Amino acid sequence: MILRDTGYIFGNGNEFFGPEYETILRKVADEDYQSKRFCVFYSIGKVENVDRTQMMCYEDACKAKEQIIREKENLVQIWLYNYEYQERTIIDYVYPKLESVWPDYKFLKNGFEFALYNKDCFIENHNDGNHNKRICVLICYLSDNWSKEMGGELYITDLNGKKIEVEPKFGNFVIFNFKEANLQHEVKKILDDNFARRSIIQIINEEGY
């Protein structure tokens, strides 16, 4: 099922992108995420970027995250981010569909980022601010065996104030369309010690900026 409204599209990737989507995504999902290097993404009081050069192994990134949780008050968001991730197969596969959806824009192609939420990671309700060059943000979910009690659901507030739930199951996707809206969204806290909520994220800008 694909649900589409002003400002967002979400549903099952095979239905939207085509029948090979999950096969390609599976290659990404089967990678050993614990062998990757991450930086700890967090912010206090507002959504902001972090120093992307402070990459560390998965174990050290988890320790740094746990220390931040212990020491910081009014924590807005925290998760582990791998900015070195590039998956050209996925990019080449999904871009034709996105270009057909928004044919008036010339897409700047670059790599995906890999995001991992483990125990106690979350994002408080926020929007992404003004980005004139941004067309959309694509998120593809990689985690198998998700269930409701694990947490990690994405909630989008549409322009009518209705909350839409996106389950972070393997094969699901969501697109935020910044040419139509800048919607509020949040990610619920991960509650399960053994659940790793994995996704790849692509911020897509207009070429020429």
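Fair warning: this is a prediction, and the values are worked out from it, not measured in the lab.
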Let's go through His126 and Glu186 carefully: what are the C-alpha distance in whole Å and the side-chain angles of both, what is the deciding distance for side-chain contact (heavy atoms from CB on, under 4.5 Å) to 0.1 Å, and is it a yes or a no? CA-CA 7 Å; His126 71 287; Glu186 61 185 305; 5.7 Å; no
Any side-chain heavy-atom pair of Leu142 and Leu25 under 4.5 Å: yes
Inter-residue atom distance Asp5.CG - Asn177.CG, 0.5 Å rounding: 11.0 Å
Can you tell me how far apart CZ (Phe195) and CD (Glu149) are? Round to the nearest 0.5 Å. 10.5 Å
Looking at every non-hydrogen atom in both residues, tell me the closest pair between Lys188 and Phe122 and how far apart they are. C-CB, 4.1 Å
So if I apply the side-chain contact (heavy atoms from CB on, under 4.5 Å) rule between Arg198 and each of Leu116, Asn118, Leu80, Val28, which one comes out positive? Leu116
Atom CG of Asn145: over 12 foreign heavy atoms under 6.0 Å: no
Using the rule that two of Ile, Leu, Val, Met, Phe, Trp, Tyr join whenever any of their side-chain heavy atoms come within less than 4.5 Å, decide whether Val187 and Leu191 are in one cluster. no
Using only atom types and a distance under 3.5 Å, with no angle test, would you say the side chain of Asn182 pairs donor to acceptor with the backbone of Asp128? yes
Please report the interatomic distance CZ(Phe41) to SG(Cys121), rounded to the nearest 0.5 Å. 12.0 Å
Any sub-3.5 Å donor-acceptor pair from Gln202's side-chain atoms to Asn110's backbone N or O? yes
Answer with yes or no whether the hydrophobic clustering places Phe10 together with Ile201; edges join I, L, V, M, F, W, Y residues whose side-chain heavy atoms lie under 4.5 Å apart. yes
Check Asp120 against Ile78 and note the closest heavy-atom contact, atom names and distance. O-CG2, 4.0 Å
Would a distance-only check, ignoring hydrogens and angles, find a side-chain to backbone donor-acceptor pair under 3.5 Å from Asn172 to Tyr141? no
Has Asn14 got a side-chain atom pairing as donor or acceptor with Glu22's backbone, closer than 3.5 angstrom? yes
N-O pairing of Asp104 and Lys179 below 4.0 Å: no
Checking Asp158 side chain against Asn160 main chain: does a donor-acceptor pair fall under 3.5 Å? yes
So, taking the atom named NZ in Lys65 and the one named CZ in Arg70, what distance separates them when rounded to the nearest 0.5 Å? 11.0 Å
Nearest heavy-atom neighbours spanning Glu20 and Tyr93: N-OH, 3.2 Å
So that I can tick it off, tell me whether Arg26 and Asp144 are bridged by a salt bridge, with the cut-off set at under 4.0 angstrom between side-chain N and carboxylate O. yes
Taking the side chain as everything from C-beta on, heavy atoms only, tell me whether Ile204 gets closer than 4.5 Å to Trp102. no
Would you say the side chain of Trp79 lies within less than 4.5 Å of the side chain of Ile190, judging by non-hydrogen atoms? no
Using a cut-off of 6.0 Å, state whether more than 12 heavy atoms not belonging to Lys109 lie near its atom NZ. yes
Throw together a table of side-chain donor-acceptor distances under 3.5 angstrom for residues 150-157, partners on residues two or more places apart or in other chains.
{"from": "Glu153", "atom 1": "OE2", "to": "Lys148", "atom 2": "NZ", "distance (Å)": "3.3"}
{"from": "Tyr155", "atom 1": "OH", "to": "Lys148", "atom 2": "NZ", "distance (Å)": "3.4"}
{"from": "Tyr155", "atom 1": "OH", "to": "Glu165", "atom 2": "OE1", "distance (Å)": "2.6"}

Minimum side-chain heavy-atom gap Val40-Gln67 below 4.5 Å: no
Taking Ser143 for the side chain and Ala196 for the main chain, is one N or O donor matched with an acceptor at less than 3.5 Å? yes
Taken to the nearest 0.5 Å, the spacing of Glu206 CD from Ile135 CD1 works out to 4.5 Å
Closest heavy-atom pair, Phe170 versus Ala29, reported as atoms and distance to 0.1 Å, is CE1-CB, 3.8 Å
Does Asn82 use its side chain to pair, donor to acceptor, with the backbone of Arg37 at less than 3.5 Å? yes
Arg197 side-chain N/O to Tyr117 backbone N/O, donor-acceptor pair under 3.5 Å: no
Between Cys39 and Tyr83, which heavy-atom pair has the shortest distance, and what is it? SG-CE1, 3.1 Å
Do you reckon Ile164 sits in the same ILVMFWY cluster as Val174, going by side-chain contacts under 4.5 Å, direct or chained? yes
Does one hydrophobic cluster hold both Val137 and Val166, with members joined at side-chain heavy-atom distances below 4.5 Å? yes
Quick one: pull up NZ in Lys119 and CD1 in Ile69 and give me the separation to the nearest 0.5 Å. 9.0 Å
For a 4.5 angstrom cut-off between non-hydrogen side-chain atoms, does Leu98 reach Tyr105? no
For Tyr33 and Tyr58, I'd like to know if the aromatic rings sit close, meaning centre-to-centre distance below 6.0 Å. yes
Between Ala61 and Phe38, the two heavy atoms sitting closest are CB-CB, 3.9 Å
Would Leu138 and Phe112 satisfy side-chain contact (heavy atoms from CB on, under 4.5 Å), going step by step from the backbone distance to the final call? CA-CA 9 Å; Leu138 168 66; Phe112 281 91; 4.0 Å; yes
Taking side chain as C-beta onward, heavy atoms only, is Val94 less than 4.5 Å from Phe173? no
